[in-house]
Amino acid sequence: MSDAEGAPAGGRQDVWTEKYRPQTLDEIVGQDGITERLQSYIERDDLPNLLFAGEAGIGKTTAATAIAREIYGDDWEQNFLELNASDERGIDVVRGRIKDFARSSFGGEVQGYSYRIIFLDEADALTSDAQSALRRTMEQFSNSTRFILSCNYSSQIIDPIQSRCAVFRFAPLADDAVEKQVRKVAAEEEIDLTQDGVDALAYAADGDMRKAINALQAAAVMGETVDEETVFKITSTARPEEVETMIQTAIDGDFVAARSKLRELLVDKGIAGGDVIDQLHRSVWDLDIDDDAAVRLMDRVGEADYRITEGANERVQLEAMLASLALEAGDQ
Ligand SMILES: Nc1ncnc2c1ncn2[C@@H]1O[C@H](COP(=O)(O)OP(=O)(O)OP(=O)(O)O)[C@@H](O)[C@H]1O
Ligand SMILES: [Mg+2]
């Protein structure tokens, strides 16, 4: 979804994900265990280096900035440096900026604080050599700085860094957490949002709050009430029932009907094949099939997913999957 479509004119502050980004740890929804522990570090004035791991749009950057706001109040921006590790100019540039920032706070208290915070996003984009270099930099400035590293997969972070950090694994947000936040945004923006619209936002977002709020904003621009239909359309998501019907039809042996349903999703509705696979993956256990059949289906979903990721034609892969399900029905 492009910003031009999604957001009204008027600049960044009108992007709802920014406008409604929680400012305090308390306002972050759905990550209670994590925010409580972070809060207690702040209260004890004992912040360790931190490693935040988890998928996109679930509150990692938000938690880091909330920590800075709680510690430094209005001065937070002077005491918080945000860097992106995947900066294409390389680890040396990143380390250079870390050093400059850390040195400028070196030699004593920074406006009454004993350390400043460096937030390094996408730390898993660094090679292990670059991470080793980073680790030395972290040690060199351990008196005057605290690091918060953020990544999607903590397994990509070398052990010596992990062991120097308190590791927090952020989980994809539960539907009720997404619901709570989108309702809040809708209320503030005076958007008429139906219950099926809320459910559709939670389904389409699949745990990603950024996606949910962006979808709400894009749907709201179209005016009128935001309901399930608008949400599925704007997010190019199939209704779960549509995917389930398609698969059930194939399992019942009617390949031709299943194939035309697939065509409707891919061609008429413009849904990406990879997204159909993702949705199918989420639906497998909701289908009216026995466990053995579900296991076989899951196996095929995995195979199609892999092939599509490797560049195979999406439609061919999905049709082949439907064909093999239909053949299986014929064998029985
Ligand atoms: N747990 C949450 N509670 C409330 N709002 C959230 C939460 N997580 C994300 N958001 C909303 O989504 C936006 C993006 O979240 P954030 O920047 O924290 O994602 P992230 O986890 O750092 O993702 P990425 O891995 O893509 O950097 C925030 O500006 C905020 O509006
Ligand atoms: Mg982030």
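Sequence positions, counted from 1, serve as the residue numbers for this chain. Numbering of ligands and ligand atoms starts at 1, following listing order.
Near Pro22, meaning under 4.0 Å from any of its heavy atoms, are these atoms of ligand 1: 4 (C), 5 (N). Counting atoms of ligand 1 from 1 in the listed order, those under 4.0 Å from a heavy atom of Lys60 are 18 (O), 20 (P), 21 (O), 22 (O), 23 (O), 24 (P), 25 (O). Close contacts between ligand 1 and Ala56 involve ligand atoms 23 (O), 24 (P), 25 (O), 26 (O) [criterion: under 4.0 Å to a heavy atom]. In summary, the atoms of ligand 1 found under 4.0 Å from a heavy atom of Gln181, numbered by their order in the structure, are 4 (C), 5 (N). Each of the following atoms of ligand 1 lies closer than 4.0 Å to a heavy atom of Thr62: 15 (O), 16 (P), 17 (O), 18 (O), 28 (C).
Judged by the 6.0 Å and 45° rule, Arg135 forms no cation-pi pair with Phe147. At least one cation-pi condition fails for Arg239 and Phe232: the charged atom is not both under 6.0 angstrom from the six-membered ring centre and inside a 45 degree cone around its axis.
The neighbour count for Arg259 CZ, taken as heavy atoms of other residues, nucleotides or ligands under 6.0 Å away, does not exceed 12. Surrounding CD of Glu55 are at most 12 heavy atoms belonging to other residues, nucleotides or ligands under 6.0 Å away.
Side-chain N/O atoms of Asp129 and Ser132 include no donor and acceptor closer than 3.5 Å.
Among the backbone and side-chain atoms of Thr61, an N/O/S atom is found under 2.8 Å from the Mg ion (ligand 2).
Residue Ile213 places no N or O, backbone or side chain, under 3.5 Å from any N or O of ligand 1. Geometrically, ligand 1 and Glu27 share no nitrogen or oxygen pair separated by less than 3.5 Å.
Ring geometry for Phe119 against Phe80 counts as parallel: the plane angle stays under 30°, on a 0 to 90° scale with 60° as the upper cut.
When heavy-atom distances to ligand 1 are checked against a 4.0 Å cut-off, Arg210 comes that close through both its backbone and its side chain.
Using a 4.5 Å cut-off on side-chain heavy atoms (C-beta onward), Thr237 and Ile271 make no contact.
Residue contacts with ligand 1 leave out Gly30, since none of its heavy atoms falls under 4.0 Å from the ligand.
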